[in-house]
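Let me begin by presenting the structure, written as structure tokens, before commenting on it.
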2 protein chains.
Amino acid sequence: MPKVVDPIARRREVAEAVFRVVRRHGLEQASLRNVADEAGLAVGSVRHYFADHDDLLRFALAELTDRLERRVLAHAERARAATTPDERRQAVADLLGELLPLDPDRRDESEIWLAFVTAARTRPTLQPEARRLHAGMRVLIGKVLGEGGVPDVALEVERLASLLDGLAVNGVLQPDLTTPDVMRAVLRRHLESLSSR
Amino acid sequence: MPKVVDPIARRREVAEAVFRVVRRHGLEQASLRNVADEAGLAVGSVRHYFADHDDLLRFALAELTDRLERRVLAHAERARAATTPDERRQAVADLLGELLPLDPDRRDESEIWLAFVTAARTRPTLQPEARRLHAGMRVLIGKVLGEGGVPDVALEVERLASLLDGLAVNGVLQPDLTTPDVMRAVLRRHLESLSSR
DNA sequence: AATAAGCTAGCACGGATGTGCTAAAAAGGG
DNA sequence: CCCTTTTTAGCACATCCGTGCTAGCTTATT
């Protein structure tokens, strides 16, 4: 048998290359050639692990979703362990902050998220994964608000989710105007206005 | 002299063709060939009115901005003419609703807006126009909130602007979940929560 | 050491894209 | 009627794209 290569680890590495290309030059530049170059592989090698160009993009989006989910769930554990109201408030803010481009890592992730999710509009094969992400975010926010005793949850979930999406979009597209401080202040204000009703 | 053609009217017609292509297939499909076909012209003809492919996209985005500005300003007139508080409330909701994909026309516009604005991240030549749009929206919302006597205007402008952006994004990307009714309800709730502080 | 299988690398194709350039067509002014 | 200039149309080139396909490389097992 040949060199032993964990195929799913390989796919993940290639997905990372996709992310770097997308972040720097946009999704439309994530061609097999560009991605292979970025990963330090030949086009043929990349194609050995992915059936399609489409397969590559779909896997990359799924990978992004998983990563996000994992990070947020870790925070959810901590939030559940909070005891005092102040602790809880901070835990919730931190949890939701994971969805915003507040530091370089999360900024990268938000840029990639925006690129994929908007591309899904005209790329049908990306839509299932995009919907999964959309729905997952609503479920999460629903739990947070539900435990907080917010009335009219469904509507408030939509309002908070849209606010977070909008903040993320502006944080990505106009980072010098929508700074992390601004995003944090807006989120804090919104959470305050929710609990003081 | 040859057939008399109003060059700026021609440019506008071609921009319309760009919009149709972008809406149907995404900005990355707005090639000179596709746009020329859509406009019923030859590639050479389109290039006679635009220096560049880039020039074409920049003009199209500027055209979109102008159109949006004109529509919103018309509403602003009406809002200023409102007398009763109820009338004013409704006028403000209508005004801000112009920025949401609430009907097919505005949905088309939002789709195109999202495509261009996200593309601007990795296409430097589109950024000036994108920033103009971003800033114009803040100015408008600032006036609306300022006249409404909302405290802490700067922060609330950012919050409302992000909410509107997020609603528009979700209305475009998940239209069957983020219906016009949902968007209207969220906006109404937000405006209520602002005035009852 | 020989074998077989996973893996890597790359050529070749048909098609699409932006752009430089040329040439025909069209039509108002002399 | 003819000229002049805008407008239209289209060819040609270099580049990039996804993909089908083949050949060589690598290495664990027999």
Side-chain angles (χ1 to χ4, degrees), chain A residues 1-61 115-116 119-120 122-126, chain B residues 1-61 115-116 119-120 122-126:
Chain A
M1 294 202 180
K3 182 171 23 173
V4 61
V5 168
D6 182 358
I8 81 150
R10 227 332 173 247
R11 282 166 70 95
R12 264 198 266 267
E13 284 172 33
V14 177
E16 294 291 334
V18 171
F19 293 154
R20 289 193 295 273
V21 172
V22 169
R23 186 163 49 75
R24 274 203 300 272
H25 301 115
L27 192 71
E28 69 281 2
Q29 292 298 324
S31 64
L32 285 178
R33 281 166 179 82
N34 288 346
V35 170
D37 278 0
E38 176 69 34
L41 300 173
V43 176
S45 302
V46 173
R47 291 189 55 207
H48 184 252
Y49 295 97
F50 295 95
D52 244 354
H53 181 230
D54 207 75
D55 188 27
L56 171 62
L57 294 189
R58 253 181 300 128
F59 178 81
L61 177 51
F116 271 96
T122 50
R123 301 202 193 201
T125 58
L126 293 181
Chain B
M1 297 205 179
K3 181 168 27 172
V4 62
V5 168
D6 181 358
I8 81 148
R10 236 314 184 255
R11 281 166 71 95
R12 265 198 266 267
E13 285 172 33
V14 177
E16 295 291 335
V18 171
F19 293 154
R20 289 193 295 273
V21 172
V22 168
R23 185 163 51 75
R24 273 203 301 272
H25 301 114
L27 193 71
E28 68 281 2
Q29 292 299 323
S31 65
L32 285 178
R33 281 165 179 82
N34 289 345
V35 170
D37 279 0
E38 176 69 33
L41 300 172
V43 176
S45 301
V46 173
R47 291 190 56 209
H48 184 252
Y49 294 97
F50 296 93
D52 244 353
H53 181 231
D54 206 76
D55 188 26
L56 171 62
L57 295 189
R58 252 181 301 128
F59 178 81
L61 177 51
F116 271 95
T122 50
R123 301 203 193 202
T125 58
L126 293 181

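We name chains A, B, ... by the order of the sequence lines, and we start the count at 1 in each one.
The CD-P distance, from A/E28 to D/dC16, rounds to 15 Å in whole Å. We find that CG of A/L32 is positioned 15 Å from P of C/dA9, with the value rounded to whole Å. Taking atom CZ of residue A/F50 and atom P of nucleotide C/dT8, one finds them 12 Å apart after rounding to whole Å. Atom CG of A/D6 and atom P of C/dG6 are 15 Å apart (whole Å). In this structure, the CG atom of A/N34 is 8 Å from the P atom of D/dG18, given to the nearest Å. At whole-Å resolution of the value, CG in B/D37 and P in C/dG18 are 12 Å apart. What separates CG of A/D52 from C1' of D/dG20 is a distance of 13 Å, to the nearest Å. One interatomic measurement links the two molecules: CZ of B/R123 to P of C/dG18, which rounds to 10 Å at whole-angstrom precision.
When distances run from any side-chain atom of A/Y49 to the nucleotides C/dT19, C/dT8, D/dT8, the shortest one goes to C/dT8. Here D/dT19 is the nucleotide among D/dA9, D/dT19, C/dT17 with the atom lying nearest to any side-chain atom of A/H53. The side chain of A/V43 sits closest to D/dT19 out of D/dT19, D/dT8, C/dT19. Nearest nucleotide to the side chain of A/S45, out of D/dT19, C/dG20, C/dT8: C/dT8. Candidate nucleotides D/dG18, C/dT17, C/dT8 were compared by shortest atom distance to the side chain of A/R33, and D/dG18 ranks first. Of the listed nucleotides (C/dT17, C/dA9, D/dA9), D/dA9 has the atom at the smallest distance from the side chain of B/A42.
Within the 4.0 angstrom heavy-atom criterion, no nucleotide atom of any strand lies near B/D54. Across all strands shown, A/H48 has heavy atoms under 4.0 Å from base atoms, whether or not it also approaches the sugar-phosphate.
No side-chain heavy atom of A/L41 sits less than 4.5 Å from a side-chain heavy atom of A/E13. Proximity of A/R24 to A/N34: side-chain heavy atoms (C-beta onward) are nowhere separated by under 4.5 Å. Contact of the A/E38 side chain with the A/H25 side chain is not registered, since no non-hydrogen atoms from C-beta on lie closer than 4.5 Å.
The base of C/dG10 has none of its N or O atoms less than 3.5 Å from a complementary donor or acceptor on the side chain of A/R47.
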**Message:** Pair B/R58, B/L61 - check side chain to side chain contact (heavy atoms under 4.5 Å, CB included), show working.
**Reply:** CA-CA 5 Å; B/R58 252 181 301 128; B/L61 177 51; 5.9 Å; no

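For B/R11 (side chain) and B/F50 (main-chain N/O), no donor-acceptor pair under 3.5 Å exists by modelled atom type.
Residue A/Q29 is the one, among A/G44 and A/Q29, whose nearest nucleotide of DNA chain D lies closer to the 5' end (criterion: closest heavy atom).
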